Undergrad: 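Would you mind keeping the following structure in view while I ask a few things?
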Amino acid sequence: MGGTFLDDDSDKVAARARKEEEIRQQRIRDGTMRVNSIFDSQFNDDYFAKQRDAYSTYATPQLEDQYADAQKQLTFALARSGTLDSSTRAEKAAELQKLYDTQKQSVGDTALNYESQTRNAVEDARANLLSTLNASGDASGAVNSALSRSQMLAKPQTYSPLVGLFDAFSSGLGAQAAQERAASLSGGAIKPKYSTGLFDTPTSSVVTR
């Protein structure tokens, strides 16, 4: 008889434990569904694409303005030397265009990085919340955390301004101009490292054929 009572008690404890686990698992399922709903309703492909576009919208006008300034500086340098219609103009313009293309690609790559980083941050937050939910079984806590975390993730990003994208090119124009001007004034005693044609060089340094 005693053994039967003990067996009955053990069965009741086991049944209660199974019931409690079933309830816990149901809370986890409900919480998972609600957490996913919170994230999926806000963070979708359109949202991530907007993060990419937002950076492009921010950075592209800065790129274009600095490119326009560099073009002006090149034109002024060519005008000072009277080489606006020379092959030098085409060469330097091509050099500047290549630099512009590189910077434009960099803007595009950075925009894609912002999209990827945002997507990863969202999925990391979701995974952490679901991991905590599975460990605790606290659906309400997971939902509240998901709401709070999604609000933080949705805050607009801040970007660093684009600075000096064409400074090296413009500085190069100034440095080379100074070298060629010094060569011209020295009567050939000073020779520039190389000649761009942007500024007059001494007649003695010109090779005629």
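All residue numbers in this chain count up from 1 along the given sequence. This is a predicted model, so every value here is computed, not measured.
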Undergrad: Under 3.5 Å, is there a donor on one side chain and an acceptor on the other for Tyr55 and Gln51?
TA: no

Undergrad: Show the nearest heavy-atom pair for residues Arg24 and Ser136, with the distance to one decimal.
TA: NH1-C, 4.3 Å

Undergrad: Taking the inter-plane angle between the rings of Phe43 and Phe48 on a 0 to 90° scale, is it parallel (under 30°), tilted (30 to 60°) or perpendicular (over 60°)?
TA: parallel

Undergrad: I'd like to know if the side chain of Ser106 and the backbone of Thr102 have a donor-acceptor N/O pair within less than 3.5 Å.
TA: no

Undergrad: Are Arg16 and Glu20 side-chain neighbours, meaning at least one heavy-atom pair lies under 4.5 Å?
TA: yes

Undergrad: Verify the neighbour count for atom CZ of Arg34: are there more than 12 heavy atoms of other residues, nucleotides or ligands below 6.0 Å?
TA: no

Undergrad: Please answer: with hydrophobic residues joined when any side-chain heavy atoms are less than 4.5 Å apart, are Phe169 and Val107 in the same cluster?
TA: yes

Undergrad: Tell me the salt bridge (charged side-chain N to carboxylate O under 4.0 Å, His left out) pairs involving residues 111-123, sequence neighbours left out?
TA: Asp45-Arg119, Arg52-Glu115, Glu115-Arg119, Glu123-Arg126

Undergrad: Heavy atoms only: give me the nearest Leu162-Leu165 pair and the separation to one decimal.
TA: CD2-CD1, 3.6 Å

Undergrad: Decide whether Gln62 and Gln66 meet the rule of one side-chain donor and one side-chain acceptor closer than 3.5 Å.
TA: no

Undergrad: CD1/Ile28 to CG/Leu133 distance, rounded to the nearest 0.5 angstrom?
TA: 5.5 Å

Undergrad: I need the Gln103 CD to Thr110 OG1 distance, nearest 0.5 Å.
TA: 9.5 Å

Undergrad: Is it true that a side-chain atom of Thr57 and a backbone atom of Asp53 form a donor plus acceptor pair closer than 3.5 Å?
TA: yes

Undergrad: Under the criterion side-chain contact (heavy atoms from CB on, under 4.5 Å), which of Val35, Asn36, Asp30 is the partner of Thr32?
TA: Asn36

Undergrad: Using the test side-chain contact (heavy atoms from CB on, under 4.5 Å), find all partners of Lys98 that sit at least two apart in sequence or belong to another chain.
TA: none

Undergrad: Any heavy-atom pair between the side chains of Gln157 and Thr118 that's under 4.5 Å?
TA: yes

Undergrad: Any side-chain to backbone donor/acceptor pair from Thr132 onto Asn128? Under 3.5 Å, distance only.
TA: yes

Undergrad: Ignoring hydrogens and geometry, is there a side-chain-to-backbone donor-acceptor pair from Ser170 to Asp167 under 3.5 Å?
TA: no

Undergrad: Report yes if some heavy atom in the side chain of Arg29 is under 4.5 Å from a heavy atom in the side chain of Gln25; otherwise report no.
TA: yes

Undergrad: Given Asp101 and Gln105, is the side-chain hydrogen bond (donor to acceptor under 3.5 Å, both in side chains) satisfied, shown in steps?
TA: CA-CA 6 Å; Asp101 291 341; Gln105 182 62 51; over 6 Å; no

Undergrad: What is the ring orientation for Tyr100 with Phe166, classed by angle as parallel under 30°, tilted 30 to 60°, or perpendicular over 60°?
TA: parallel

Undergrad: Do you see a donor-acceptor pair shorter than 3.5 Å between the side chains of Asp69 and Gln73?
TA: no

Undergrad: Main chain of Ile38, side chain of Ser41: is a donor-acceptor contact present, judged purely on distance under 3.5 Å?
TA: yes

Undergrad: Any sub-3.5 Å donor-acceptor pair from Arg27's side-chain atoms to Ala139's backbone N or O?
TA: no

Undergrad: One pair to check against side-chain contact (heavy atoms from CB on, under 4.5 Å): Tyr67 and Leu96. What are the steps and the verdict?
TA: CA-CA 8 Å; Tyr67 178 51; Leu96 180 57; 3.7 Å; yes

Undergrad: Apply salt bridge (Lys or Arg N to Asp or Glu O under 4.0 Å) to the pair Glu95 and Lys92, showing each step before the final yes or no.
TA: CA-CA 5 Å; Glu95 180 182 336; Lys92 300 304 290 184; 3.0 Å; yes

Undergrad: Identify the two heavy atoms, one from Pro61 and one from Ser56, that lie closest to each other, and give their separation to 0.1 Å.
TA: CD-O, 4.1 Å

Undergrad: Using the rule given for side-chain contact (heavy atoms from CB on, under 4.5 Å), can you reason through Phe39 versus Leu129, listing the C-alpha separation, both sets of side-chain angles and the distance that settles it, and then say yes or no?
TA: CA-CA 11 Å; Phe39 276 76; Leu129 287 169; 3.6 Å; yes

